[in-house]
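Please read the structure below before turning to the comments.
Within every chain, numbering begins at 1; the chains are lettered A, B, ... in the order of the sequence lines, protein sequences first and strands thereafter.
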Amino acid sequence: MRYSLFSLLANAAGGHRRWPRAWMSPAPKPSYDVVIVGGGGHGLATAYWLAKNHGIRNVAVLERGPIGLGNTGRNTTVVRSNYLCDDSAHLYEHALKLWEGLSQELNFNTMFSQRGVVNLAFTRHELAGMERRAGAMRLNGIDCELLTLADLRRWIPNLNLSRDLRYPVLGGIVQPRGGNARHDAVAWGFARGASALGVDVIENCAVTGMRIEHGRITGVETSRGPIAAGRVGVVAAGHSSVVMDMAGVRLPIQSFPLQALVSEPVKPILHTVVMAGHVHVYLSQSDKGELVIGAARDSYLSYAQRGSFHLIEEQLRALIELFPVFSRLRMMRQWAGIVDCAPDASPIVGLTPVHNLYVNCGWGTGGFKATPGSGWVFAHTIANDAPHPLNRNFTLERFTTGALIDEAAAAGVAH
Amino acid sequence: MAEHLRARSVLADAGGEVPRMFGDAAAVRLTEVPPAGAIVLRLDAADASALQQAREALGIQLPLTPNTWHGEGDITVLWQAYDEWLALTADGRQTEMAARLTQALAGRHAAVTDVSDLHAEFLIEGPVGRDLLRKGCAVDLHPRVFGTGHLALTALARVRVVLWQTGDAPAYRLRVERSHARYLWDWLADAGGEFIDG
Amino acid sequence: MTQPFRIDSGGLINRGKPLTFTFNGKRYTGCEGDTLASALLANGVHLTARSFKYHRPRGIVSAGPEEPCALVRVGTGARVRPNVPATMVELHDGLIAASINCWPGVNFDVGAINNAISGVLPAGFYYKTFMWPAAAWMQYERFIRKAAGLGVTPSFPDPDRYDKRNDHCDVLVIGGGPAGIAAALAAGEAGARVLLVEERAQLGGQLLFRNASIAGQPAREWLAQAESALARLAEVRVVCRATATGYYDHNLVTVLERCTDHVADPAAHLPRQRLWKVRAHRVIVAAGAIERPIVFGNNDLPGVMLAGAAQRYAAQYAVRAGQRAVVFTNNDSGYEAALALAATGVEVAALIDPRERPDCAEAVQAQGIAVMSRHAVIAAAGSKRVQRVTIAPVDATGSKLTGPMQHIACDLVCVSGGWDPAVHLYSQSGGKLVFDGEQHCFVPGAAMQPVRAAGAANGAFFVEDAIEQGRAAALNSDTAAPRRALALQPLWAAPGVPQGAKPFVDLQSDVTAADLALAAREGYVAVEHTKRYTTTGMGVDQGKTGNIIAYGLLGGLTGRTIPEVGTTTFRPPYTPVTIGALAGREIGTSFEPWRRTPVSAWHTAAGAEFEPVGLWRRPMYYPKPGEAMDDAVARECLAVRNGVGMLDASTLGKIEIRGPDALTLLNRLYTNAWNSLAIGRCRYGLMLHEDGMVFDDGVTARLGETHYLMSTTSGGADGVLGWIEDWLQCEWRDLKVHVTPVTAHWATVCVTGPHARDVLTGLASDIDFSGTAFPHMSMRQGQIAGAPARVARVSFTGELSYEIHVPARYGLALWEMLLEAGAAHGITPLGTEALHVLRAEKGFIVVGHETDGTVTPIDLGMQRLVSMNKGDFLGKRGLARADNVRKARKQLVGLLTRDAAVMVPEGSQIVAMENAGRIAQPPVPMLGHVTSSYRSPVLGRSIAMALVADGSNRMGGEVAVVTDGRVVTATLTDPCFYDRQGARLNG
Amino acid sequence: MLLIPCPWCGARPDSEFSAGGEAHLERPDPDHASDGQWGEYLYFRRNVKGVQRERWLHSHGCRRWFNVVRDTVTHEITAAYPMGESMKETGPGA
Ligand SMILES: Cc1cc2nc3c(=O)[nH]c(=O)nc-3n(C[C@H](O)[C@H](O)[C@H](O)COP(=O)(O)OP(=O)(O)OC[C@H]3O[C@@H](n4cnc5c(N)ncnc54)[C@H](O)[C@@H]3O)c2cc1C
Ligand SMILES: NC(=O)c1ccc[n+]([C@@H]2O[C@H](COP(=O)([O-])OP(=O)(O)OC[C@H]3O[C@@H](n4cnc5c(N)ncnc54)[C@H](O)[C@@H]3O)[C@@H](O)[C@H]2O)c1
Ligand SMILES: Cc1cc2nc3c(=O)[nH]c(=O)nc-3n(C[C@H](O)[C@H](O)[C@H](O)COP(=O)(O)O)c2cc1C
Ligand SMILES: [Zn+2]
């Protein structure tokens, strides 16, 4: 049933008793053309575009739990394409363009809100870095404006612009087309869309092994039995190295906790996404009213979806510096996800040493924004056994040659 | 022109020479300690004869137990790591002390460095001293586990300090890198504010 | 002033201390010992709030932190608190509170229109609509955002102070009810260091209102004795108004102490709240249990209340929550409540119980209360307060109506659906939860950290059992403490709810049973999906009363048992924690240390503008009155080129290196060879990470046979020391060398300019500063004006320069002496900005400007500093990787703009001339960027440095620098713009 | 916040330390390592889910590096031992 105001009204009369399942959750078939490991946003998007763009519909997404509860379900939802390196800029901008029509594409409101993403500068060095980034963005055709203090006052009325701060704000940049989206809706929307195109979204089905014959993958072992597959794409975020290990493929990935928290809900007070690299905090206000606040990641390896308390203290110190009016609000809930970090803070999307096995990982602290684009290029990669031009350089080989796509310097703060 | 350069306290512009008192009956008292002579000694603690040489040169045993200090006469030696000690002496005696140590340890895998101006030193005494410190320090200072003779290398507020207990009152001394001293002093003074009866 | 619903006697309030307060603009009176909720009820105020989504009238549901409805704004101005439960606000004189999320007021609220159109606003309606036209979402969203949110953020900075405290104990007891008290007593008597934290203002837990007897003793007597026993134990500390909020790894528990929230005029020096970070050897969770509601139609009307809460209001606060009550319970605890209410003069119209008649019915009936077994309340009615309930007979499982409905008039409905142990913190600790099939609730299972639960938190709902469990937990005894079951028959929601009467599951998030059914129908059946789709449990109360019902109903809808449904994740905090308290005192000037040099105060007094460098604060320039930055910097630069300047260089990192293997160490750390360095000489070096990228540079001097002094960049000192120690301690353990950081031990003043030597020779010193005795790139030790000194002749400005190091205590005096000695030469203090201009004129790099972690020494044109035949050094292999030997990498160049007056901003991108015309039609390929850019006073023009692809082969060619949409043409040159032969620093 | 047991100073909150990642890495012979081997050394870690040996530096304390055996799922720490000491048989897996 199509979602629309009309169908909503029509169903209201019937007490909403006729809505069908959003996506089917069938038992696994013995064999698929393509198996996607990982039912996060990226995996589901991959399956959707495989079916939609490449006509490959005999596809299963295997998710060890319910879909969308990995990093997709626990991220701070910042969407932007304000990247420095050309390769990143093109990839994330492609994703941003897809976001702009995603609700309509999926017939599921992902609540993509282009309220703007502001990055603040606290040192002259950061200002120069922003000049560099803004220049690169514009030359890559991406919207970006440099902001003076007066501009900032307009964009973020409650921001503390006092000169007396330990680190006074000196300026910033904004990407007006950036913003937030509803994280859960993205997973559900892609699942519904993929399911409608014939993809099997199989939940509670953990991949436990890989079948490899003569250097070629033939299927996977799962908690629900073996499943044969022509091609396998692994999109398991924090668990990427665990899954790829099953195929004997090592990754330059480390899994770290990244924490976030929400305040109690309040009436609209913050209308933009604000990111402060030097003091380490970033935030936005969700449509439900809570402030969604993130910061740096923990420094130790972990698969526990929780981090160290002192990072929360650090993050909220920074918040109070920037927004003294938030001091009396209260933290309502805190959590963490396990992010898959590559040494250059850029993703790895492409072929692996095992034939017909593909990997999509390393999005680390910032892959939510890429979700539709990541699925798009990964679907292309799987369908053609060759990368899409946009992910051509995001290879595993770059860690041999040294041709890194170093966003580490540009990112500054996790999100 | 001055013939001799004049020494200045790190807190010269913050009134550090004057003890700060918080609370009635000096619930806690904060003082800057005048500079001492200080030497960093690096030495292999497994080398018994080197330890012996150091002991003879200093006239006092190096504490080998982590988290302790040992003092005799005007010399105090603070454990810093398994191969590192901080030896304090009266100001002015450090050059001679360093020379003695250097000579005694010549030819060994050891290093002696004068660091007399590397740190500032504070004294914190009084019954609520512990409560003051625990605002910014995660070491358990309860008398059951930490007493006179104990020492901790740890973070206080946001800076690394060497903290050691010198009396049961309790009294603590702490050394902090000189460039951080003013920050820590201001932090302690602010933290002490709670103990001023309103 | 009268409090019409205050009971004349009993309770723990102080009638002698009346307090005045204001709610929604109206003045009322309460008593000391009241909460805002109990005081409102004493005054007959039940309508306290409007709901989140439908703006339905809401009242007071509970008497504790689980309160889902009565959220209010407390205080005014900068001290306002936007969303606090009235049940946890201790009354003080002059307290001002108001309802939130309603306009114009709680009595008449325009938002209630949502209730009328609630049919089109089911769970997740926003996912299905607002998609057309695509661009309109931003407009829809504006309305949605306005409607959402609860209270309003204060408009002013917070005037209050928040503190932190680290603490340690052998046993941390969470909760000061009978179980917790017993635990603390037992542990304390055994000699342990005990910390007992209690969320409320006083100890006692449920003993404060339950008529229990303990070993034959009335509960309150037992309590008084226990409290004084605790007070006698020196190592037991009891802290009230202190909520354990989070349970983290390795037995770290955070506790939020509310120090002054309950005081009308708190003393300014006291913190408002204090966050405790308690590291406990063992933790005992004795946090009690939370009463569970039962869902029925319009169960959100003011006047529908948890039975235990009504009982607490009566017994602890001496307040009648109503005049005529109906009790609806599926377990024995509702009977106790009925008796307690009756005892305080509330007329209990009926007790409705879906079960067969339990034994305890007798006592209730004896009070003249009608007990209606095998019945359920299926709906309540009333407009802003409950006026009657509809009841009906039900079958043995409570799932079907078996007879006609009837109505009972009442103004209070007391509901008890059972009790849920407060397992939140236990679960946060990693402890497993198991479903107790007899008591139908989750109880603690296997522990993952040293923690035990006791009392009602562990499913022991009888006082004596709770006490026994507390004791057993304290003594860590293995014998299973008793746990008699509370007789209960689960009932999540009443059957047969009449049309139009909304049955609410999560009162705070306005989630109804129909929403859950919709979620189940659409496949959002995993409990985490149900939560997120319906927002169940996502409010300020985090579903303390509602979640379990949602699990029960979801199980029923999907044919699963509750353990199969599972729970959502318990996350900190247990109750919300003030952000200011989490931030603590290390904000403002304490946000981060400002590292100070011995000369810092002088710089401030001289009016310097500062800039942060690492944690240091360095003078950037010293403006004279009326001078702009550019003027001041130009003046400082010219002083150095034509006369002499002085710079506080104390921030430079300094590391002493001693030992027979010092030379080996240097050869491994730096890219160049160090073998030939004579004692007393200095050499410049670059350090690489193992990937071949530059990460620091500096000059190292040889002071003795096996003694070197290394200098590092100001911001990089800690990194370099860490890097060296890492290799020495972990990899090169055989090297006989020690490194000692001495940065702050030395004050360093750099005297630079053609007259530098003239200034120094005027000092009282035993050092021979003559050119022959003291050549460039050497270091001398001696004394200056009685202080031991090290002087290095090195230059970052291209002029004759000396770096003078004296012990820090003499730093300011040295500075003042040099000012005096240099006065005749017009000595000029210079800041970092002039220094940067001067070094850029010379083409010297600054790590972090010309490098960003992707730049090799070859890229910087410094191949002569890379010795490929001295053996291995860190980064050598990295340099040889395929991408690092690629042709046409970005290389360091100088840039001269065609128009000498134009200065390009640092960071500007560079494109090829042939692409300059294309910038309006991106994408445009980029060649590199400007790394440094200045106005050079001595050259009278702008200069810049840049990293440009294949830069060394483009020398002399032109490129386009793109700045803010403008294109500036510039020529690539050698990066050294001034005195290329270096004549000025020799001699 | 983890409690990291410094073998000398005792257990302290992880905020006093710097995490150094996987322990007992082998630095390949730079004269003979291929780009691939060097890349492995620079970037590839086992990223163990379960018990791993890792390095920590007590940066706010004694400034010494040491090894810790820690479970990356439960965060339980079962051993700590000084640098240079060989891998003790402590706990499974690692
Ligand atoms: C706190 C936090 C804040 C963040 N903020 C932002 C932000 O603001 N903006 C942004 O762009 N990005 C952000 N990110 C990063 C972003 O969330 C991720 O990069 C992105 O969501 C990754 O999506 P995914 O689909 O690849 O991974 P996931 O959503 O994690 O999906 C991976 C799935 O694989 C499944 N899986 C794992 N192993 C197996 C197996 N053996 N068998 C079957 N299935 C398996 C997992 O269960 C999981 O569902 C944040 C992350 C966190 C944790
Ligand atoms: N008869 C019944 O039906 C029934 C049902 C449930 C409970 N009870 C009664 O409950 C009592 C059980 O004793 P108990 O000690 O286990 O529970 P309790 O409820 O008496 O005490 C728990 C205490 O913990 C405090 N607390 C809760 N969470 C906290 C936190 N995070 N931080 C700090 N404090 C916190 C509460 O404020 C409360 O004072 C007995 O009196 C028993 O009769 C009776
Ligand atoms: C953007 C965003 C907004 C959230 N808002 C809320 C909220 O309003 N209330 C709430 O209880 N949790 C909120 N959460 C947190 C979730 O409840 C949950 O903690 C998080 O998704 C991680 O899942 P877990 O706690 O089940 O591990 C939010 C999470 C995200 C990512
Ligand atoms: Zn240590």
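Of the atoms belonging to Tyr140(C), not a single heavy atom falls under 4.5 Å from chain A. In this structure, chain A has no heavy atom under 4.5 Å from any part of Ile100(C). Using a 4.5 Å cut-off between heavy atoms, Asp541(C) makes no contact with chain A at all. Heavy atoms of Leu106(A) lying under 4.5 Å from chain C are absent altogether. In this structure, chain A has heavy atoms under 4.5 Å from both the backbone and the side chain of Arg79(C). Only the side chain of Met620(C) comes within less than 4.5 Å of a heavy atom in chain A; its backbone stays farther off. Using a 4.5 Å cut-off between heavy atoms, Phe591(C) touches chain A through backbone and side chain atoms alike. Contacts between Leu5(A) and chain C at a heavy-atom distance below 4.5 Å involve backbone atoms as well as side-chain atoms. If you measure heavy-atom distances from Thr123(A) to chain C, the contacts under 4.5 Å come from the side chain alone. Using a 4.5 Å cut-off between heavy atoms, Phe112(A) contacts chain C through its backbone alone, with no side-chain atom that close. Of the atoms belonging to Leu252(C), it is side-chain heavy atoms, and not backbone ones, that fall under 4.5 Å from chain A. Of the two parts of Pro612(C), only the side chain, counted from C-beta on, holds a non-hydrogen atom closer than 4.5 Å to a non-hydrogen atom of chain A. Using a 4.5 Å cut-off between heavy atoms, Ser162(A) does not touch chain C at all. Interface residue Asn107(A): backbone and side-chain heavy atoms are both found under 4.5 Å from chain C. Contact annotation for Ala336(A): only backbone heavy atoms (N, CA, C, O) come within less than 4.5 Å of a heavy atom of chain C. With a threshold of 4.5 angstrom between heavy atoms, Asn140(A) approaches chain C through its backbone and through its side chain. Residue contact with chain C, scored on non-hydrogen atoms closer than 4.5 Å, involves the backbone and the side chain of Leu9(A) alike. When heavy atoms are compared at a cutoff of 4.5 Å, Ile910(C) does not approach chain A at all. For Met131(C), the parts lying under 4.5 angstrom from a heavy atom of chain A are both the backbone and the side chain. Of the atoms belonging to His16(A), heavy atoms from both backbone and side chain fall under 4.5 Å from chain C. There is no contact between Leu165(A) and chain C, counting heavy-atom distances below 4.5 Å.
The candidate with the highest count of non-hydrogen atom pairs below 4.5 Å against chain C, out of Gly179(A), Ala185(A), Pro20(A), Gly289(A), is Pro20(A). If you tally non-hydrogen atom pairs under 4.5 Å between each of Gln114(A), His271(A), Arg192(A) and chain C, the highest count goes to Gln114(A). Top candidate by heavy-atom pairs under 4.5 Å with chain A, chosen from Pro925(C), Pro572(C), Gly580(C), is Pro572(C). Counting heavy-atom pairs closer than 4.5 Å to chain C, the top residue among Ala136(A), Pro66(A), Gly135(A), Gly101(A) is Ala136(A). Comparing Phe323(A), Tyr167(A), Phe6(A) by how many heavy-atom pairs each has under 4.5 Å with chain C, the most go to Tyr167(A). Ranked by heavy-atom pairs shorter than 4.5 Å toward chain C, the options Arg333(A), Arg21(A), Arg18(A), Glu131(A) are led by Arg333(A). For chain C, the option among Gln285(A), Glu203(A), Arg398(A), Glu290(A) with the highest count of heavy-atom pairs below 4.5 Å is Gln285(A).
Tyr3(A) is not listed as a side-chain neighbour of Leu8(A), based on a closest heavy-atom distance of 4.5 Å or more. Looking at Glu145(A) and Pro176(A), their side chains come closer than 4.5 Å, going by heavy atoms from C-beta outward.
Cation-pi contact between Arg182(A) and Phe108(A): absent, since separation from the ring centre below 6.0 Å together with deviation from the ring axis within 45° is not met. Both the sub-6.0 Å distance and the 45° axial angle are satisfied by Arg617(C) relative to the ring of Trp594(C).
In this pair, Phe130(C) and Trp137(C) present their aromatic rings tilted. The plane angle is within the 30 to 60° band.
Of residues 310-317 of chain A, those residues lying under 4.5 Å from chain C by any heavy-atom pair are Glu313(A), Leu316(A), Arg317(A).
Partners of Thr854(C) according to the side chain to side chain donor-acceptor pair (under 3.5 Å) rule, which considers only residues two or more places apart in sequence or in another chain, are Asp852(C).
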